[in-house]
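Before any comments, here is the structure.
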2 protein chains.
Amino acid sequence: MSRPESPELLRLDRQLCFPLYAAARLTQRLYKPYLEPLGLTYPQYIVLMILWEEGPCSVRRINERALLQTNTTTPLLKRMAQMGLVERKRAQHDERVVMIHLTEAGWALRSQCACIPGRLLDTVDVPGEDLVALKQQLDHLVVRLEKAVAAGGRPEHR
Amino acid sequence: MSRPESPELLRLDRQLCFPLYAAARLTQRLYKPYLEPLGLTYPQYIVLMILWEEGPCSVRRINERALLQTNTTTPLLKRMAQMGLVERKRAQHDERVVMIHLTEAGWALRSQCACIPGRLLDTVDVPGEDLVALKQQLDHLVVRLEKAVAAGGRPEHR
DNA sequence: GGTAAAAAGATCGTGCACGATATAATCGCG
DNA sequence: CGCGATTATATCGTGCACGATCTTTTTACC
């Protein structure tokens, strides 16, 4: 069956993606007071979490985990290198690959960031179990969205 | 009780805000094939939905509903005026206020956009009731985030 | 081994997003 | 009435985000 095309569906409060868009921006605003003193932006913090977890990574690997693309991460990683948080080294076995290594300063930020997730949870003041449920649904949605984007944005035809 | 500060909480897959951030970007990518042929970006589409729903709005009103700020919306609205979708008129009763009026072309886009929400729902292929539940939780989260941001990002002290 | 295709990054241009600051109009209150 | 505070919008600078295109290296296959 086809979906209706009524103008009712164009009301802002009927959209799923608007609260998604709004919540993502609002949470980044809440992170700012914690990240700015460390000289970090939110996407840089994401990249650091990946490197803290995995150790040295290729740019490609970072893109995969952060769901970003090279044209975003290349300048971002260059800024992080400029700040002395990472080093960019061409892989010897494949000269195309750029490996990103944390410096001492990059590792040192880990302990300074350790309190941030907890602080943010306190700030938002939503019951923990609600957040867990929401996170599960969001994770599931992200998987679906990745598939849809990979499929070229065309509807699934199962 | 205070929250733990373990490095475990710094794992990317433990973050709530990362799937939020990722889902918001991925959905915007899914909108692009529908919006780009109309010459629209996603934030412009949001503003149009507000204007279709409310009629002429002040910039302030648009900012409130879109949860954006003047430094984002002013250039955005100027581009939309350049495209001939809206007109910007100073209010006669208060010269500070800029009222945004849809032009004929702006209204005409409404019917062209009517199919977009349905198409996106088909694309993502998640059961409707799951999306409804997720939307409710997200709406609730946005309210909490707005309060937290308004409170200056400091934890609630009830 | 030689060349076409694929893969990994880099670059460019445009448009958000937002903190900080500026400017002009209006309001409040003594 | 007058003037300081508030409000509405604008401007500036920086950093994403991404589509499109480019370069270089590697791979595949004849």
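Bear in mind that the values here come from a model prediction, so they are computed numbers and not experimental data. By convention in this document, chain letters (A, B, ...) are assigned in the order of the sequence lines, proteins followed by strands, and residues within each chain are numbered from 1.
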Q) Looking only at side-chain N and O atoms, does Gln28(A) come under 4.0 Å of OP1 or OP2 in dC16(D)? A) no

Q. For dA8(D), does either OP1 or OP2 sit under 4.0 Å from a side-chain N or O belonging to Arg90(B)?
A. no

(Q) If you compare every side-chain N and O of Arg60(A) against the phosphate oxygens of dA10(C) (OP1, OP2), does one of them come in below 4.0 Å? (A) no

**Q.** Considering all heavy atoms, the nearest Ala23(A)-Leu20(B) contact
**A.** CB-CD2, 3.9 Å

Q. To the side chain of Tyr21(A), which of dT9(D), dA17(C), dG9(C) is closest?
A. dA17(C)

Q: Indicate the atoms forming the closest heavy-atom contact of Trp107(A) with Leu51(A), along with that distance.
A: CH2-O, 4.1 Å

Q: Tell me, please, which residues at least two apart from Glu64(A) pass salt bridge (charged side-chain N to carboxylate O under 4.0 Å, His left out).
A: Arg60(A), Arg61(A)

Q.
Measuring to OP1 and OP2 of dG15(D), would you say a side-chain N or O of Tyr42(A) lies under 4.0 angstrom away?
A. no

Q. Between the side chain of Lys135(A) and the main-chain N/O of Asp13(B), is any donor-acceptor distance below 3.5 Å?
A. yes

Q: In whole angstrom, give the distance that lies between atom OH of Tyr31(B) and atom P of dG19(D).
A: 16 Å

Q.
Heavy atoms from C-beta onward define the side chain here; which of dC16(D), dT9(D), dG9(C) lies closest to that of Pro43(A)?
A. dC16(D)

Q: Could you check how far CZ of Phe18(B) sits from C1' of dC16(D), rounded to whole Å?
A: 15 Å

Q) If you check the Val59(A) side chain, which of dG9(C), dG15(C), dT9(D) turns out closest? A) dG9(C)

Q: Nearest whole angstrom, please: distance from the C1' of dC16(C) to the CD of Gln44(B).
A: 9 Å

Q: Please test Glu53(B) against Arg11(A) for salt bridge (Lys or Arg N to Asp or Glu O under 4.0 Å), starting from the C-alpha separation and ending with a verdict.
A: CA-CA 7 Å; Glu53(B) 186 178 330; Arg11(A) 291 173 53 90; 3.7 Å; yes

Q: Mark up nucleotides 18-24 of chain C, 5' to 3', with B wherever a protein heavy atom is under 4.0 angstrom from a base atom, S wherever such an atom reaches only the sugar-phosphate, and - elsewhere.
A: BBB----

(Q) What is the distance, to the nearest angstrom, from the CG atom on Asn63(A) to the C1' atom on dA8(C)? (A) 10 Å

Q) Of all residues at least two apart in sequence or in a different chain, which pass the ring-ring contact (aromatic ring centres under 6.0 Å, His included) check with Tyr45(A)? A) Tyr31(A)

Q: Starting from P on dT7(D), measure out to CD on Glu64(B) and report it in whole angstrom.
A: 12 Å

Q | 5′-ward residue of the pair Glu95(B)/Thr41(B) relative to DNA chain C | A | Thr41(B)

**Q.** Distance test, side-chain N/O of Lys78(A) to OP1/OP2 of dT11(C), below 4.0 Å
**A.** yes

Q) Contact class for Arg61(B) (heavy atom, under 4.0 Å): base, sugar-phosphate, or nothing? A) nothing

**Q.** Distance in angstrom units between Ile62(B) CD1 and dC16(C) P, rounded
**A.** 13 Å

Q. Mind checking whether Leu38(A) and Met49(A) sit in one hydrophobic cluster, side chains of I, L, V, M, F, W, Y counted as touching below 4.5 Å?
A. yes

(Q) Test your reading of the model: is there a side-chain donor-acceptor pair from Gln44(B) to the backbone of Thr41(B), 3.5 Å cut-off? (A) yes

Q: Rounded off to whole Å, could you give me the CE-to-C1' distance for the Met83(A) and dT14(D) pair?
A: 12 Å

Q.
Could you tell me how far apart Leu20(A) (CG) and dA17(C) (P) are, to the nearest whole angstrom?
A. 13 Å

Q: Would you please confirm or rule out a distance under 4.0 Å between OP1 or OP2 of dT9(D) and any side-chain N or O of Lys89(B)?
A: no

Q) Is Thr73(A) touching bases, backbone alone, or none of the nucleic acid, heavy atoms closer than 4.0 Å? A) nothing

